[in-house]
Amino acid sequence: MRLDKLLTNLGVASRSGCKEILKAGRVKVNGETKKDGAWAVPEDAKVFLDGKQLDTRLSRHLMLHKPAGVLTAREDNKQKTVMDLLPGAYHALGCMPVGRLDKDTTGILILTTDGELAHRLIAPQRHVDKVYEASVEGALDESDVIAFEKGIPLKDFTAMPAKLEILSPEKGRVTVQEGKYHQVKRMFGARGKPVVALHRLSFGPLQLDEGLLPGEYRELTKEEEAALYRAAAMEK
Ligand code: URA
C-alpha cells in the first residue's frame, strides 16, 4: 500500500495533512526518512511518526462492554453511539458493530473492520449462539422453558427454538440464534413477563471479559479472532 494511503487509513491525518507530514520529514520507515507518499510500504515495515512507532494493522477486532444509554450505530446526529466510546483511530479504520444491542441493553458487543466478517456473523442462516441474562417482571416457570424450546409465536414470525434456564423466578439465561429486532424482549413479553433489564454474556465463541467495566473495550486475542472467523466459516 502507498505510504500516504496507509497513514490516512490509520487516521494519522487527512490526505493533505499526511502529505504535509511526509514533506516535513516526520515519517521514518525501517529507519529511513520517507517523503514520497506514493512509495509502496512493504509488509511488516516498521513505520515511525515523530519517533513513535505506529500500529500499522489495518484489520482490528474489538470486544466492548456496552453500557446502557448508548446506541449501537456507527454514528448518530443526536445520541451517543458505541463508536463514541472508541478512540478516533478505530473510526478511521472503519470499525463497525457486529449486529445490534438495544440502547438499554448491556454486555458484549463485537466491533470489527472486516465488513464481510460482520455480515456473515449476523446472517440468520449462520446460527451463531447469543446468550443473554434477562431480568423480568413476573415469575418464570417451567412452562416458559417449554415454550421457548418449542419456539415462541410472535406477531410477524415464530422465533426459533431457544434454550431458557431459570436462574431465579425473575431472572433467566436464554440462548438464541436469531437476532431480530427486540427479539429477546419480545419473546419474554409474549409470555407476559416483560424484560426490565437485558445483558448479553456471550456472542458466538466469545464471552464478555469480566475485567471490562461498562464502556470499556479491548482488542481480541489471536485465539478469539480465530474462533470468530471459524464461527463465520471464513479463512483469516
Ligand atoms: N434482544 C432484544 O430484545 N434486545 C437486544 O438488545 C438484544 C436482543
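All heavy atoms count here, side chains included; hydrogens, waters and symmetry mates do not. Indexing begins at 1, ligand by ligand and atom by atom, following the structure's order. Just so we're clear, the structure is a prediction, and the values are computed from it rather than from any experiment.
The closest approach between a heavy atom of Tyr132 and any atom of ligand 1 is below 4.0 Å.
Salt-bridge annotation for Arg218 and Glu216: absent, with no side-chain N of the basic residue lying under 4.0 Å from a carboxylate O of the acidic one. A salt bridge links Lys171 with Glu133; the closest basic N to acidic carboxylate O contact falls under 4.0 Å. Taking 4.0 Å as the cut-off between side-chain N and carboxylate O, Lys185 and Asp104 count as a salt-bridged pair.
Within 6.0 Å of atom CD in Gln207, 12 or fewer heavy atoms from other residues, nucleotides or ligands are found, so the atom counts as exposed in its surroundings.
Residue contacts with ligand 1 for Val195 are absent, since no atom lies close enough (heavy atoms, distance under 4.0 Å). With a 4.0 Å heavy-atom cut-off, ligand 1 is reached by the backbone of Val184 and by its side chain too.
At a 3.5 angstrom cut-off on N or O pairs, Arg186 does not count as close to ligand 1. Considering backbone and side-chain atoms alike, Thr105 places an N or O below 3.5 Å from some N or O of ligand 1. Residue-to-ligand polar distances keep Lys180 apart from ligand 1: every N/O pair is separated by 3.5 Å or more.
For ligand 1 and Lys185, the ligand atoms under 4.0 Å from any heavy atom of the residue are 2 (C), 3 (O). Residue contact check: Asp102 has heavy atoms under 4.0 Å from atoms 2 (C), 3 (O), 4 (N), 5 (C), 6 (O) of ligand 1.
Note that Lys180 lies in the cation-pi zone of Phe157, set by a 6.0 Å cut-off to the ring centre and a 45° limit from the axis.
If you check the side chains of Asp114 and Tyr229, you find a donor sitting under 3.5 Å from an acceptor.
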